[in-house]
Amino acid sequence: MEETSEILQHRIDKLKKLKEKNINPYPYSFKRTHTSAEIIQNGEKIEGEQTEVKAAGRIVSLRLHGKSLFAHLQDGSGKIQIYVKSDEVGQDKFGLFDLFDIGDFLGVSGKVFKTRTGEITVRVTDFVLLAKSMLPLPEKWHGLQDKELRYRQRYVDLIVNEDVKKIFIFRTELIKSLRRFLDDSGFVEVETPVLQPLYGGAFARPFTTHQNALDINLYLRIADELYLKRLIVGGFDKVYEISKSFRNEGMDRNHNPEFTMLELYQAYADYHDIMELYENLLNYAATQVLGTNRFEFDGNQIDLTPPFKRIPILESIKEHTGADLSDKNEEETKKIATELNVKENLNRPKGKLIEAIFETKVQPHLIQPTFITDFPVEMSPLAKYHRDKPGLTERFELYIGGCEMGNAFSELNDPQDQRERFQQQAELARRGDDEAQVLDEDFIRALEYGMPPTGGLGFGVDRLVMVLTNTHSIRDVIFFPQMRPEE
RNA sequence: GCGCCUUUAGCUCAGUUUGGUAGAGCAACUGACUCUUAAUCAGUGGGUCGCAGGUUCGAGCCCUGUAAGGCGCACCA
């Protein structure tokens, strides 16, 4: 049997007293005339007038003065101060505040006035309890600090930490502006399966699940790519999807097992066209949401004015290390990696070694938006061979503030080549790479019907939100980040 | 996976070089107070010190294990 805490017991007693007074602590609705923000916005205009306003919200502060009181009500738009006087609402009714607590929802009617200190306030003539709160809110000036509690009980975090809500509203506005740009550019927003019989389009371990009706195992998608390209085959010229993907891998401040990706595909375009599209998309979205295309991330001023710098990956390595890897074999590349003091596992194919050198020696320096292009073919099984450079593909990644912000290519549309790339992946899988991509016969069949030349792009929306809001943990841009269950 | 750190009242935190009756502020409760806003004033209650062991006459503190979380590294398009 659980012992009832002192505070909870007080609230249970208050609830009982309310019911004895025939007051429903959980009534059904309240007709507002104004939000708190609207009252404050129109405050000067309606102040002193006879117009009655009705507002509602959660009591977040309460200052009792015997026969009068001040409180703040918090609603979705902000906070509004209310002033309640015993002789205006009646002594009995005023006494109800003995049964109210910070955290309760209240609906009030009254006229707007300005206090001596200049704050727009509702002088309450009537009020009604809208919902009783049974648990105390965190303390008023330190708020809720404990990260574990903030993530597990995001609802409390949102009540008491104003900036948290701002980030999530920013997130929504950003996604809206991304949609607006793509919609206005003739892209069609589509939906493709989350539950897939095969997974593909990225290197990652999937989550698996089971469908009872068909008695088959299914995977939660790790990317939308292969289905969106099927739609290009089907005759859509420009498609995009904003959706959750799921990767069964480690979690840290840049990775949550489920995250939001935006993928887009454009027929008759190559990766040069996609670079242009992407830099314009980012410049537009940032300007729409921030009001400017310049912002601070991690102590650096970032400027999103197109065009972004473009540099092939091997040249970027040469620039930052002096090492020219273009004509080196696996053994020589390994030697160079060792000399460069790259501390990662070096017993890997050349492509992986290049990646490792790039990540440690180049990536941290890519502060201003930079397209890194022309990746080795073994790292890019869904990208077309480079039209002039053997062994490389027409692929780019964007980096901003040292963070990877997307991946794109001239999409491979040669079905025979695609089959060979899948077979190479199968070889990697046999050698123990559990993130190698699996052969998708139906996807190859789609390519065999013919896919036009196509440029495609995918990027993590969460990370874009992080960079634009100068946030350093993905958990701060996802409402309910993955946590171990309590107890 | 490895290393470091955190865990004490509803919340934010103290708790000492050297183990000796569990502390503060806010929140709560009682009373006073009709323009306050960290309201003020007087008083009161509230603890399985994450959990389990160990050392000790005695552990919030020392030791071992364990759980959750954070940070860094590794892994990871």
Side-chain angles (χ1 to χ4, degrees), chain A residues 3 5-11 13-14 60-72 79 81-89 91 94 98 101-103 113-119 121 123 133-153 156-157 159-161 201-205 222-223 225 245 247-255 257 261 343-345 351-352 355-356 358-360 363 372 375 379-383 395 397 399 403-409 433-437 458-460 463 472-473 475 481 483-487:
Chain A
E3 206 167 313
S5 79
E6 181 196 24
I7 290 174
L8 180 58
Q9 189 54 54
H10 283 135
R11 302 233 175 163
D13 293 344
K14 285 174 176 178
V60 289
S61 66
L62 188 55
R63 295 173 292 282
L64 286 145
H65 297 272
K67 295 195 170 61
S68 78
L69 64 89
F70 285 90
H72 278 96
K79 290 178 195 170
Q81 181 167 257
I82 62 170
Y83 178 50
V84 187
K85 285 210 298 184
S86 171
D87 52 16
E88 286 188 26
V89 298
Q91 212 170 333
F94 189 83
D98 290 340
D101 293 287
I102 289 174
F113 77 110
K114 206 189 256 183
T115 62
R116 208 160 53 192
T117 49
E119 181 166 352
T121 300
R123 185 189 299 266
S133 161
M134 300 304 285
L135 292 172
L137 288 173
E139 186 230 336
K140 61 188 164 196
W141 65 80
H142 294 100
L144 188 64
Q145 304 286 336
D146 187 292
K147 285 191 181 179
E148 182 173 356
L149 286 178
R150 288 186 48 220
Y151 299 145
R152 287 194 195 277
Q153 301 184 35
V156 181
D157 190 28
I159 293 166
V160 298
N161 294 328
F203 296 93
R205 289 196 300 272
I222 58 172
E225 172 146 0
S245 283
R247 297 189 183 175
N248 204 344
E249 291 174 342
M251 299 160 57
D252 59 33
R253 65 176 214 285
N254 288 308
H255 298 82
M261 287 223 299
K343 290 186 175 58
E344 292 178 43
N345 174 15
K352 292 272 185 189
E355 201 177 3
F358 172 78
E359 280 174 10
T360 45
Q363 185 174 339
I372 297 293
F375 288 71
M379 303 157 62
S380 317
L382 297 164
R395 170 181 170 194
E397 288 185 342
Y399 287 85
C403 301
E404 189 213 314
M405 293 296 311
N407 183 19
F409 9 94
D433 184 346
D434 53 4
E435 294 191 336
Q437 303 203 15
F459 65 86
R463 287 199 194 162
H472 292 82
S473 170
R475 295 185 194 97
M483 302 284 276
R484 258 178 220 281
E486 293 179 76
E487 290 159 350

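Every heavy atom of this structure was used, including side-chain atoms; hydrogens, water molecules and symmetry mates were not. By convention in this document, chain letters (A, B, ...) are assigned in the order of the sequence lines, proteins followed by strands, and residues within each chain are numbered from 1.
A:Ser133 comes within contact range of no nucleotide atom at all, as no heavy-atom separation falls under 4.0 Å. Within the nucleic acid shown, A:Thr115 comes within 4.0 Å of at least one base atom, counting heavy atoms only. Within the nucleic acid shown, A:Lys14 comes within 4.0 Å of sugar-phosphate atoms alone, with no base atom in reach, counting heavy atoms only. Contact annotation for A:Glu119: base contact, defined as any heavy-atom pair under 4.0 Å involving a base atom. Base contact: A:Arg123 has a heavy atom under 4.0 Å from a base atom.
Closest to the side chain of A:Phe113, out of B:U36, B:C29, B:C35, is B:C35. You'll find that the side chain of A:His10 is closest to B:C29, out of B:C71, B:C29, B:A27. The side chain of A:Asp252 approaches B:C75 more closely than any other nucleotide in the set B:C75, B:G46, B:U36. Comparing B:C29, B:A27, B:C76 by their nearest atom to the side chain of A:His255 picks out B:C76.
In terms of the side-chain hydrogen bond (donor to acceptor under 3.5 Å, both in side chains) criterion, residue partners of A:Arg152 (sequence neighbours excluded) are, by chain and number, A:Glu148. For A:Asn248, there are no side-chain hydrogen bond (donor to acceptor under 3.5 Å, both in side chains) partners at least two apart in sequence or on another chain. Partners of A:Met251 according to the side chain to side chain contact (heavy atoms under 4.5 Å, CB included) rule, which considers only residues two or more places apart in sequence or in another chain, are A:Pro257, A:Gln482. Every residue two or more places apart in sequence or in another chain was checked for a side-chain hydrogen bond (donor to acceptor under 3.5 Å, both in side chains) with A:Ser245, and none qualifies. Residues satisfying the side chain to side chain contact (heavy atoms under 4.5 Å, CB included) test with A:Arg475, not counting sequence neighbours, are A:Tyr151, A:Ser473, A:Pro481. Residues passing the side chain to side chain contact (heavy atoms under 4.5 Å, CB included) test with A:Ala383 are A:Ser380, A:Thr393, A:Arg395, A:Phe409, sequence neighbours excluded. For A:Ile82, the side chain to side chain contact (heavy atoms under 4.5 Å, CB included) partners are A:Ala71, A:Leu73, A:Val84, A:Leu106, A:Val108, A:Val122, A:Val124, not counting sequence neighbours. Evaluation of the side-chain hydrogen bond (donor to acceptor under 3.5 Å, both in side chains) rule for A:Lys114 yields A:Glu44 as partners, not counting sequence neighbours. Residues passing the salt bridge (charged side-chain N to carboxylate O under 4.0 Å, His left out) test with A:Lys67, sequence neighbours excluded: none.
Judged by distance alone, with hydrogens and angles left aside, the side-chain atoms of A:Glu225 form no donor-acceptor pair with the main-chain N or O of A:Ala202 at under 3.5 Å. When atom types are taken as modelled, the side chain of A:Arg247 and the backbone of A:Ile222 share a donor-acceptor pair closer than 3.5 angstrom.
Phosphate proximity of B:G69 to A:Arg152: present, with a side-chain N or O under 4.0 Å from OP1 or OP2. Side-chain nitrogen and oxygen atoms of A:Arg63 include at least one within less than 4.0 Å of the OP1 or OP2 phosphate oxygen of B:A39. For B:G70, neither phosphate oxygen OP1 nor OP2 lies less than 4.0 angstrom from any side-chain nitrogen or oxygen of A:Arg150. Side-chain nitrogen and oxygen atoms of A:Lys85 include none within less than 4.0 Å of the OP1 or OP2 phosphate oxygen of B:C33.
Atom CZ in A:Phe70 sits about 5 Å away from atom C1' in B:U36, given to the nearest Å. Whole-Å rounding puts the A:Asp101 CG to B:A28 C1' distance at 9 Å. Straight-line distance from the CD atom of A:Glu249 to the P atom of B:C76: 9 Å, rounded to whole Å. At whole-Å resolution of the value, NE2 in A:His472 and C1' in B:G72 are 15 Å apart. Rounding to whole angstrom units, CG of residue A:Asn254 and P of B:C75 are separated by 14 Å. The distance between atom CG of A:Leu8 and atom C1' of B:G45, rounded to the nearest whole Å, is 16 Å. Going from atom CE of A:Met251 over to atom C1' of B:A68 covers 13 Å, rounded to whole Å. We find that CG of A:Leu69 is positioned 12 Å from P of B:U34, with the value rounded to whole Å.
Nucleotides B:U30 and B:G69 place their P atoms 39 Å apart, quoted to the nearest Å. When the C1' atom is used for both B:U40 and B:G15, the distance is 30 Å, rounded to whole Å. If you take atom C1' in B:C4 and the same atom in B:A14, they sit 23 Å apart, rounded to whole Å. If you take atom P in B:U17 and the same atom in B:U6, they sit 14 Å apart, rounded to whole Å. Spacing between B:A32 and B:A39 at atom C1', rounded to whole Å, works out to 14 Å. Here the separation of B:C61 from B:U56, taken at their P atoms, is 16 Å to the nearest Å. The same atom, C1', is picked in B:G54 and in B:U44; the two are 40 Å apart, to the nearest Å. If you take atom P in B:G47 and the same atom in B:C11, they sit 14 Å apart, rounded to whole Å.
For the residue pair A:Asp13/A:His10, the side-chain donor-acceptor check at 3.5 Å is not satisfied.
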What are the atom names and distances for every N/O pair under 3.5 Å that joins the protein to nucleotides 11-14 of chain B?
{"unit_1": "B:C11", "atom_1": "O2'", "unit_2": "A:Gly143", "atom_2": "O", "d": "2.9"}
{"unit_1": "B:U12", "atom_1": "OP1", "unit_2": "A:Gln145", "atom_2": "N", "d": "3.1"}
{"unit_1": "B:U12", "atom_1": "OP1", "unit_2": "A:Asp146", "atom_2": "N", "d": "2.9"}

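In RNA chain B, the stems built from three or more successive Watson-Crick or G-U pairs (distances below 3.5 Å) are B:1-7 with B:67-73, B:10-13 with B:23-26, B:28-32 with B:40-44, B:50-54 with B:62-66.
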Residue pair A:Lys85, A:His65: steps toward the side-chain contact (heavy atoms from CB on, under 4.5 Å) verdict: CA-CA 9 Å; A:Lys85 285 210 298 184; A:His65 297 272; over 6 Å; no
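Contact check for A:Lys14 versus A:Met134: no side-chain heavy atoms found under the 4.5 Å cut-off.
The residue among A:Arg247 and A:Gln81 whose nearest nucleotide of RNA chain B lies closer to the 5′ end is A:Gln81. Mapping A:Arg253 and A:Arg484 onto RNA chain B via the closest heavy atom, the residue that lands nearer the 5' end is A:Arg484.
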Footprint string (nucleotides 2-8 of chain B, 5' to 3'): B base within contact, S backbone only, - free, heavy atoms under 4.0 Å: -------
